[in-house]
Amino acid sequence: MVGAMTLTARAPALLTLSDDQADAHDRVAADLLAAGIDLAHGGLTPPGEGKPSVLAVMGKAGSGKTMLLAQLTRAMIDAGVQIVSGDYEGKRRKDRRTLAVLAPTNKAASVLRLRGVPATTIHRILYTPLYDPQYEKIAEWLSGTGDRPVIEDLPDLALDRAFAFFQQVASIPGALAAAGLRGSDFIKGWKRREEPLDVGFIDESSMLDERQFDDLREIFPTLVLFGDPAQLAPVGQSGSMVFDRLGSSHKLMLNRIHRQAQDNPILDLAHALADPAIGFEAFERMVEAESKRDDRVVWAERVDADMMARSPVLVWRNATRIRLITAFRAAHGAPDDALLPGEPLICDGIELPLKHRKKRIDLEARGLIKGAQVIYLGPGNRDGFAKLHVVGAEDPQVSAASIIKIEKPDEDEPFIPSAAKMGAAFLHGAAVTIHKAQGSQWENVQVFAPDLYAAAQAGRTEAGLPLWKRLAYVAITRAESRLFWIVRNRLALPKVPLSVEDLRPASVPLTLTPQTDA
């Protein structure tokens, strides 16, 4: 019989740190040592009642923030700190030390997970799941705190699939899904977190508003924020970010652009925006010249409708967003009164009265938070429900009460092709504002340059910088591989119909490496 099994956390191989990264690493390590976590020698002491600590590690794109976050996470795991992922927590021990790596959105968290960092969203850590006792035995076994269980309704092969999945991705819900269970089978509800945690690493912290920051400070006595000061501040914060209120001794700046980010024309363009002498026209000439030298930058006369299905066009103005969405739907032959499977959506919040707090928690915990990117799969089995794929979520397939709104040019009220009386609200996601795109990345990104020109003509500034430059910086740095700079208000017709085939879960190869009990 196979006994308890252990999972070796997966992380990127250790890399040589630059001087500024090493300085930041040492400063974070010093704060952690004061809190009882010794990264140098792997020693842990129980959490005490020390003074709360907040540090901010800041730097522009390519400065190595994510690399440093990954290194620190690896060191924390090696020191014996337990990762709290938000999908399952075992029995509490008074002496345990915990780390949660958080991001504001599912997409931002998924970018970290693809780099080997076990990240989850802020919302998922604010709530804790209530597991069915029978299936909680599987969670305890996978997390190394229990023996392999015998479940009447699950054959051994299903448990083997769950284990094989967990070896590759340390997600309890994902492993249970690999065993053939649905979320509603093993998670019976959610509750607001009642007890504090320990250490929190927060990526994309430029997106945090004051309320989220205060919530995090209540939960984590030790916080390390990772953020880009050149990005856009949250709406309503007058161009300021939460780390702006920290004293200079609590802010660490990474300036060096690292080797893996050098010779990257996309980052070169983003950093060129820091030159105060460069105006919009001069910058466009730089983009055009770069497109002739490197195919990672594309000077495009038209928006690509096929790309919009999975990677939204990034715009500044809402009117532009609505016009492009209307053109996208028309190009795909979408009817006025229904959605086609494969159409992208953006969660616009939860429309529920306060008395339905439990339902709100359930929707948010499953990834349906404001700004979440979603693909419409089809109508649900109940009236007003929709089947959805939550992009970047660890358990992406959900069926939820949905209010889907399609905005149209020159119309004050959106058309609603599908709606429950209350639930998660969605706008179309084929085009999104640059503000909403912050924190996300896509392999290919289309930036609608006429909108940035309009922002430049408006002459607005944010935190002392021209608004168009902040918009352009955020939009450009959303691109992982290729940047498409769209220069005309035109749409190229799609070459393939909308589909959901790319969203089907891949099969998990069965590779068992059990350890027997000593």
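Remember, predicted model here, so these are calculated numbers, not experimental data.
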| request: Give a yes or no on whether the backbone of T45 and the side-chain of R97 come within a donor-acceptor separation of less than 3.5 Å. | output: yes
| Does G59 offer a backbone N or O that forms a donor-acceptor pair with the side chain of K65 under 3.5 Å? | yes
| request: For S311 and M307, indicate whether the former's side chain and the latter's backbone hold a donor-acceptor pair under 3.5 Å. | output: no
| said: Do T433 and R321 make a side-chain contact, defined as non-hydrogen atoms from C-beta onward lying under 4.5 Å apart? | reply: yes
| field | Candidates L32, T73, V84, D198 - the one meeting side chain to side chain contact (heavy atoms under 4.5 Å, CB included) with L99 | value | T73
| task | Give a yes or no on whether a salt bridge exists between R245 and D214, defined as a side-chain N under 4.0 angstrom from a carboxylate O. | result | yes
Validation: residues 375-385 side-chain donor-acceptor distances under 3.5 Å, sequence neighbours left out:
none

| task | For the residue pair V81 and V199, establish whether any side-chain heavy-atom pair is separated by less than 4.5 Å. | result | no
| message | Is there a side-chain contact between Q134 and L154 in this structure, where contact means two heavy atoms from C-beta onward sitting under 4.5 Å apart? | response | no
| said: Test your reading of the model: is there a side-chain donor-acceptor pair from H428 to the backbone of A430, 3.5 Å cut-off? | reply: yes
| task | Working to the nearest 0.5 Å, report the span between CD1 of I151 and CG of D156. | result | 10.5 Å
| said: Is it the case that the side chain of N106 and the backbone of G392 share a donor-acceptor pair, with hydrogens and angles ignored and the cut-off at 3.5 Å? | reply: no
| remark: Nearest heavy-atom approach of E136 to Y131 is CB-CB, 3.9 Å
| Geometric cation-pi criterion, K251 with F243: 6.0 Å, 45° | no
| Side chain Q438, main chain L232, donor-acceptor under 3.5 Å | yes
| task | Before accepting this row, confirm whether a basic side-chain N of the pair R310/E443 lies closer than 4.0 Å to the acidic partner's carboxylate O. | result | no
| query | Sequence neighbours excluded, which residues qualify as ring pair (Phe, Tyr, Trp, His ring centres under 6.0 Å) partners of H332? | reply | F328
| said: Using modelled atom types and a 3.5 Å cut-off, is there a donor and acceptor pairing between side-chain atoms of S206 and backbone atoms of G227? | reply: no
